[in-house]
Amino acid sequence: MGDFGGHAASGIAFLVLGLWHLFNHIKLHLLQPNSYTSSPWFPISKIRYIELFLIIIFSSIFISTELFIGHERYQPFDPDGSISSSRLHNFEHTVITITFVVYAAFAILLDKTAAKAQYGLTQFLGALAFAQQLLLFHLHSTDHIGVEGQYHLLLQIIIVVSLATTLMGIGMPKSFMLSFVRSLSIFSQGAWFILLGYMLYTPELIPKGCFLHLEEGRRVVRCSNHKALHRAKSLVNLQFSWFLVSIAIFAVTFYLVLAKIYGNKVEYFTLHEEELEDEADDVELSPKKSKTEDSKVFVHMGSCN
């Protein structure tokens, strides 16, 4: 992931996954505001596990490119069997990706076995993947003090949100806002990855006083002096601030658009037994109602178009 292509590919994966979850959570809540329950992943009728299959497939391709494809010996180790210091970041990215594969694989298994703790365990595995991601980006073997390090530092803020909302979702599955923020944070990870790759590996966009330098087989941004480095980091902070505002505008706008499409749909739900008994008492006093009308009672929760 040490170039624009790697960051863009990872970014697109997170971006699409976050947008998919955001769309489905908003739609589900608009259609079922009173009975909404969060879902860690969303099945499709024709291919139930398509989301999880795609996570596994994309992750496998990513692991292959990190460890094997595009390298001189097509294997990640030195001749003596050790891991070169120039390849440590590849192994770190691989470990993160493997954790997402474990999440997707066990999500399928838990669904197939209809485990009683399916929701909680799936959320736990998702939280573990984000925790792994946070740990390895925080302890990343690449630059911690340069411009790239500043981008990674701000990325960790987004990952913390993904981790926290996933853990909180275990105990609060009916909270729409938790699902909304979690989905938006996954989407934001993808958008920030793409922005990071674009800003770090486009020579014309390198901050004044800084330049691209080849180190241990990968290009990194270096600055000529402390003042240039401080200015570059400040620009990254400004970018993140603008990024947050843009994400907020997008999220609320996206919700309003979907609310206009799905917000006027009607939701019906069956009355509880106590309410049915009360209704039955009323029916006894009104002989004009038929038996068919007595058998089922529904409450209208919206307005028909």
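Source: prediction; values computed, not measured. The analysis underlying the following values was restricted to heavy atoms, covering all of them including side chains, and did not include hydrogens, waters or symmetry mates.
Each salt bridge (charged side-chain N to carboxylate O under 4.0 Å, His left out) pair with one or both residues in residues 177-206, not counting sequence neighbours, would appear here, but there are none. The side-chain hydrogen bond (donor to acceptor under 3.5 Å, both in side chains) pairs that include a residue from residues 183-192 are Gln133-Gln189, Ser162-Ser185, Ser162-Gln189, where partners are two or more places apart or lie in different chains. Applying the side-chain hydrogen bond (donor to acceptor under 3.5 Å, both in side chains) definition to pairs two or more places apart or across chains, those involving residues 40-54 are Trp20-Glu51, His21-Glu51, Arg48-Asp111, Tyr49-Asp111.
Members clustered with Met172: Met168, Leu178, by chain and number, using a 4.5 Å side-chain heavy-atom cutoff among hydrophobic residues. Hydrophobic clustering, defined by side-chain heavy atoms of Ile, Leu, Val, Met, Phe, Trp and Tyr closer than 4.5 Å, leaves Tyr119 isolated from every other such residue. Annotation for Ile61: hydrophobic cluster partners, listed by chain and number, are Ile57 (ILVMFWY side-chain heavy atoms under 4.5 Å, direct or chained). Hydrophobic cluster membership for Leu128: none, as no Ile, Leu, Val, Met, Phe, Trp or Tyr side chain comes under 4.5 Å of it.
Applying the side chain to side chain contact (heavy atoms under 4.5 Å, CB included) criterion to Tyr198, with sequence neighbours excluded, gives Phe4, Thr202, Leu205. In this structure Thr37 satisfies the side-chain hydrogen bond (donor to acceptor under 3.5 Å, both in side chains) test together with Lys174, sequence neighbours excluded. Every residue was checked against the side-chain hydrogen bond (donor to acceptor under 3.5 Å, both in side chains) condition with Arg231, not counting sequence neighbours, and none meets it. Ala9 is linked by a side chain to side chain contact (heavy atoms under 4.5 Å, CB included) to Phe58, counting only residues two or more places apart in sequence or in another chain. Contacts of Asn24 classified as side-chain hydrogen bond (donor to acceptor under 3.5 Å, both in side chains), with partners at least two apart in sequence or in another chain: none.
Residues Leu258 and Leu31 share a single hydrophobic cluster, defined by chaining ILVMFWY side chains whose heavy atoms lie under 4.5 Å apart.
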